[in-house]
Amino acid sequence: MINSHPHSHKKSEPPTEPISKEEALYLALSKIPKGKVITYGDLATLAGRPGAARWAGTMLKRLPKDTTLPWHRVINSHGTLSLREYTHRIELQRARLQEEGILFKGDKIPLSIYRW
DNA sequence: TGAAGGGCCGGTC
DNA sequence: CGACCGGCCCTTC
């Protein structure tokens with residue numbers, strides 16, 4: 001079996017395979033404690049992409065509807081929810097957050113208290 | 001190839 | 001507070 005991999009001259013990978021940015025985001029997301037929230041910007045930074053808040057939002061939007069990841073704990077830097085009003089989705093987010101003990105002050109969540 | 005538009009953000013007024 | 005702006009980064013025509 002000589003030379004069975006003619007293209008195997010690719011550089012060997014480091015022992016600990018670096019996870020992709022997407023995986024880093026999912027990982028960070030999974031760590032947000034119940035009763036806490038994080039902003040899109042902070043989530044992006046944790047995923048290794050400072051300044052890519054919009055990207056974080058895009059990724060969250062693509063999560064399967066039945067994901068177990070706590071997508072509802074991600075809010076914008078104003079402390080409000082970014083989903084479209086009057087949709088099932090935003091109602092679900094609000095309900096889940098309240099279930100976790102978060103108290104809204106009007107339409108916003110005090111980041112000084114609940115920010116992770 | 002490029003322009004438009006998103007689950008955004010920080011500064012400024 | 002609210003509105004606007006420039007910047008950010010990616011996806012979708």
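Within every chain, numbering begins at 1; the chains are lettered A, B, ... in the order of the sequence lines, protein sequences first and strands thereafter.
In this structure, A:Arg89 and A:Trp71 have side chains that are in contact, with non-hydrogen atoms separated by less than 4.5 Å. In this structure, A:Leu25 and A:Leu43 have side chains that are in contact, with non-hydrogen atoms separated by less than 4.5 Å. Side-chain contact between A:Val74 and A:Thr39 is absent, with no heavy atoms from C-beta onward closer than 4.5 Å. You'll find the side chain of A:Arg115 reaches within 4.5 Å of the side chain of A:Asp42, heavy atoms only.
The backbone N or O of A:Leu27 lies less than 3.5 Å from a partner atom in the side chain of A:Ser30, making a donor-acceptor pair. Checking side-chain atoms of A:Lys21 against main-chain N and O of A:Ala44 turns up no donor-acceptor pair under 3.5 Å. Counting only distance, with no hydrogens or angles, the side chain of A:Thr87 and the backbone of A:Leu83 share no donor-acceptor pair below 3.5 Å. Using modelled atom types, one side-chain atom of A:Thr45 and one backbone atom of A:Gly41 make a donor-acceptor pair closer than 3.5 Å.
With hydrogens and angles left out, the side-chain atoms of A:Ser82 and A:Asn76 include a donor and acceptor closer than 3.5 Å.
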Practice item. Run the numbers on A:Ile75 and A:Leu111 for side chain to side chain contact (heavy atoms under 4.5 Å, CB included), then give the verdict. Key: CA-CA 10 Å; A:Ile75 67 176; A:Leu111 285 173; 3.8 Å; yes
Exercise for review: Evaluate side chain to side chain contact (heavy atoms under 4.5 Å, CB included) for A:Leu46 paired with A:Leu29, printing each intermediate quantity in order.
Suggested key: CA-CA 9 Å; A:Leu46 282 179; A:Leu29 183 56; over 6 Å; no
Review point. What's the verdict on side chain to side chain contact (heavy atoms under 4.5 Å, CB included) for A:Leu97 and A:Arg94, showing C-alpha distance, side-chain angles and the deciding distance?
Key: CA-CA 5 Å; A:Leu97 290 172; A:Arg94 215 167 351 238; 5.9 Å; no
Exercise for review: Starting from the C-alpha separation in whole Å, work towards a yes-or-no answer on side chain to side chain contact (heavy atoms under 4.5 Å, CB included) for A:Phe104 and A:Gln98.
Suggested key: CA-CA 8 Å; A:Phe104 281 69; A:Gln98 288 173 338; 3.8 Å; yes
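Of the residues in residues 90-116 of chain A, not one places a heavy atom less than 4.0 Å from an atom of DNA chain B. The stretch residues 48-68 of chain A touches DNA chain B through A:Ala53, A:Arg54, A:Gly57, A:Leu60, A:Lys61, each having a heavy atom within less than 4.0 Å of the strand. Using a 4.0 Å cutoff on non-hydrogen atoms, the parts of residues 70-77 of chain A near DNA chain B are A:Trp71, A:Val74, A:Asn76, A:Ser77, ordered by number. The stretch residues 78-86 of chain A touches DNA chain B through A:Ser82, A:Leu83, each having a heavy atom under 4.0 angstrom from the strand.
The shortest non-hydrogen separation linking A:Tyr114 to A:Gly35 is CD2-O, 3.6 Å.
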Practice item. Determine which bases of DNA chain B form Watson-Crick or G-U wobble pairs with both distances under 3.5 Å, and write the result as a 5' to 3' dot-bracket string with | for other-strand partners. Key: .|||||.||||||
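Salt-bridge formation is not detected for the pair A:Glu99/A:Arg96: no Lys NZ or Arg NE/NH1/NH2 atom is positioned less than 4.0 Å from an Asp or Glu carboxylate oxygen. Using a cut-off of 4.0 Å between Lys/Arg side-chain N and Asp/Glu carboxylate O, A:Glu100 and A:Arg73 are scored as salt-bridged.
Contacts between chain A and DNA chain C, taken as any atom within less than 4.0 angstrom of a protein heavy atom, begin and end at C:dG7 to C:dT12.
Following chains of ILVMFWY side-chain contacts shorter than 4.5 Å, one cannot reach A:Ile19 starting from A:Tyr26, and the two form parts of different hydrophobic clusters.
The gap from the P atom of C:dG7 to that of B:dG7 amounts to 23 Å, rounded to the nearest Å.
For A:Leu25 and B:dG7, the CG to P distance is 15 Å, given to the nearest whole Å.
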